[in-house]
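These numbers were taken from a predicted model, which means no experiment stands behind them. The analysis underlying the following values was restricted to heavy atoms, covering all of them including side chains, and did not include hydrogens, waters or symmetry mates.
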Amino acid sequence: MSASGSCVLREVTLSSPVGEILLSGCEKGVHTINIKLGTEKDESVQPVGRSEMSPELQHCVDWLQCYFMKPESVSALPLPTLHNPLMQSDSFKAHVLWTLFKEVGLGKTVSYKQLAEMIGNPKAVRAVGSAMKNNPIPLIVPCHRVLRSSGDSGSYMGGKGDDIKVWLLTHEKKALVLNASKSEKSF
């Protein structure tokens with residue numbers, strides 16, 4: 001923290017299977033995750049270049065590495081601390097994002113309507129969609145798990161990242177299937 005009490009942000013760029021990911025955060029937690037469109041996809045999840053990271057950013061890097069490499073084991077890890085101002089507020093959008101964060105686990109999906117019902121406001125479907133559009137911390141706050149009522153994936157990143165949303169959902173489903181087959185073999 002600076003002498004004025006504001007956050008001192010640090011950034012790190014990661015290679016990933018969905019392209020480069022830019023993380024920003026301070027010593028208190030993660031502020032933003034930005035998936036960069038049109039960047040090279042890489043099977044490894046490693047920092048690009050050298051970055052001085054806070055322990056909280058390093059924790060987020062570790063979590064994302066686990067998510068992309070062994071998603072079935074990510075639930076055993078503590079989630080990175082979130083310190084984005086929106087997530088610290090008492091706003092409707094924050095309530096929607098926190099509900100999604102806490103209630104919709106790996107490999108699960110929910111419709112915009114179901115998420116509106118989960119927050120106790122079934123008529124707020126469009127407002128829920130707006131909250132997803134303004135999610136500052138995708139992947140950790142899993143807006144990719146929110147679908148249209150028809151089951152259609154809907155748009156992601158303004159429609160420019162639809163292939164990323166499909167990849168993320170498929171990645172999570174494969175992990176659940178793999179984990180279920182391992183559990184069956186252990187009996």
Side-chain angles (χ1 to χ4, degrees), residues 14-21 23 29-30 32-37 41-46 59-82 84 87 93-120 122 124-125 128-187:
L14 299 177
S15 62
S16 85
V18 296
E20 287 187 356
I21 300 172
L23 307 175
V30 178
T32 60
I33 294 177
N34 182 8
I35 302 169
K36 295 179 171 184
L37 292 170
K41 295 170 172 49
D42 190 337
E43 289 306 308
S44 69
V45 182
Q46 298 297 324
H59 177 67
C60 186
V61 168
D62 296 343
W63 189 92
L64 287 169
Q65 286 173 324
C66 184
Y67 172 81
F68 283 111
M69 301 318 206
K70 289 188 76 175
E72 67 278 5
S73 61
V74 81
S75 61
L77 293 176
L79 285 159
T81 303
L82 307 181
N84 180 282
M87 300 302 287
K93 286 180 183 174
H95 182 56
V96 171
L97 294 171
W98 278 114
T99 299
L100 176 63
F101 176 78
K102 293 175 182 172
E103 302 295 329
V104 184
L106 185 79
K108 307 286 188 226
T109 58
V110 65
S111 71
Y112 292 97
K113 182 179 180 182
Q114 288 170 319
L115 186 53
E117 290 167 351
M118 290 167 76
I119 62 162
V125 176
V128 164
S130 177
M132 296 304 100
K133 183 178 179 181
N134 293 296
N135 178 7
I137 310 172
L139 302 175
I140 294 175
V141 178
C143 55
H144 63 276
R145 296 180 189 153
V146 183
L147 309 174
R148 293 181 175 152
S149 291
S150 66
D152 210 25
S153 71
S155 81
Y156 190 63
M157 299 172 66
K160 297 175 185 156
D162 294 350
D163 61 321
I164 294 171
K165 183 173 185 168
V166 170
W167 188 94
L168 292 168
L169 292 170
T170 303
H171 175 67
E172 291 183 8
K173 296 276 188 218
K174 283 182 194 172
L176 289 180
V177 168
L178 178 68
N179 208 30
S181 69
K182 283 182 184 176
S183 295
E184 289 172 7
K185 289 178 184 175
S186 65
F187 284 111

Enquirer: Hey, are the side chains of D62 and L77 touching, using non-hydrogen atoms and a 4.5 Å cut-off?
Expert: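 Not in contact.
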Enquirer: Working to the nearest 0.5 angstrom, can you tell me the gap between I21 CD1 and C60 SG?
Expert: 9.0 Å
Enquirer: Which heavy atom of K173 sits nearest to which heavy atom of G107, and what is that distance?
Expert: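 For K173 and G107, the tightest heavy-atom pair comes out as NZ-O, 2.8 Å.
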Enquirer: Within a strict 4.5 Å, meaning less than it, do heavy atoms of the H144 and T109 side chains meet?
Expert: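 Of all side-chain heavy-atom pairs linking T109 with H144, none is under 4.5 Å.
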Enquirer: Any side-chain heavy atom of L97 within less than 4.5 Å of one from P136?
Expert: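 Yes, side chains in contact.
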Enquirer: May I ask you to decide if V45's main-chain N or O and Q65's side chain share a donor-acceptor pair within less than 3.5 Å?
Expert: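 Between the backbone of V45 and the side chain of Q65 there is a qualifying donor-acceptor contact (under 3.5 Å).
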Enquirer: Using the ring pair (Phe, Tyr, Trp, His ring centres under 6.0 Å) criterion, which residues pair with Y67? Sequence neighbours excluded.
Expert: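 Partners of Y67 by the ring pair (Phe, Tyr, Trp, His ring centres under 6.0 Å) criterion, ordered by chain and then number, come out as W63, H171.
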Enquirer: Using 4.0 Å as the upper bound for N to carboxylate O, is an ion pair formed by E172 and K108?
Expert: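 Result for this pair is no, no salt bridge flagged.
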Enquirer: Kindly say whether V104 contributes a backbone atom to a donor-acceptor pair with the side chain of R145 at under 3.5 angstrom?
Expert: yes
Enquirer: Report yes if the side chains of S75 and L106 come closer than 4.5 Å at any heavy-atom pair, otherwise no.
Expert: no
Enquirer: Below 4.5 Å, heavy atoms only, C-beta onward: do D42 and F68 meet side chain to side chain?
Expert: no
Enquirer: Between S15 (side chain) and Q46 (backbone), is there a donor-acceptor pair under 3.5 Å?
Expert: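 Pair found, side chain donor or acceptor close to backbone of Q46.
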Enquirer: Report yes if the side chains of I35 and Y156 come closer than 4.5 Å at any heavy-atom pair, otherwise no.
Expert: yes
Enquirer: Starting at CG of L147, measure out to CG of L169 and round the result to the nearest 0.5 Å.
Expert: 6.0 Å
Enquirer: If you take all heavy atoms of M132 and C143, which pair is closest and at what distance?
Expert: SD-CB, 3.6 Å
Enquirer: Please assess I137 against T32 for the test side chain to side chain contact (heavy atoms under 4.5 Å, CB included), listing each intermediate value before the final yes or no.
Expert: CA-CA 5 Å; I137 310 172; T32 60; 5.6 Å; no
Enquirer: Which pair of heavy atoms, one from L23 and one from I33, lies closest together, and at what distance?
Expert: CD2-CG1, 3.5 Å
Enquirer: Find out whether D162 and M157 are in side-chain contact, i.e. whether some heavy atom of one side chain is under 4.5 Å from a heavy atom of the other.
Expert: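 Not in contact.
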Enquirer: Could you check if a side-chain atom of N84 sits within less than 4.5 angstrom of a side-chain atom of V30, using non-hydrogen atoms only?
Expert: no
Enquirer: Between CG of L79 and NE2 of H59, what distance do you get to the nearest 0.5 Å?
Expert: 7.0 Å
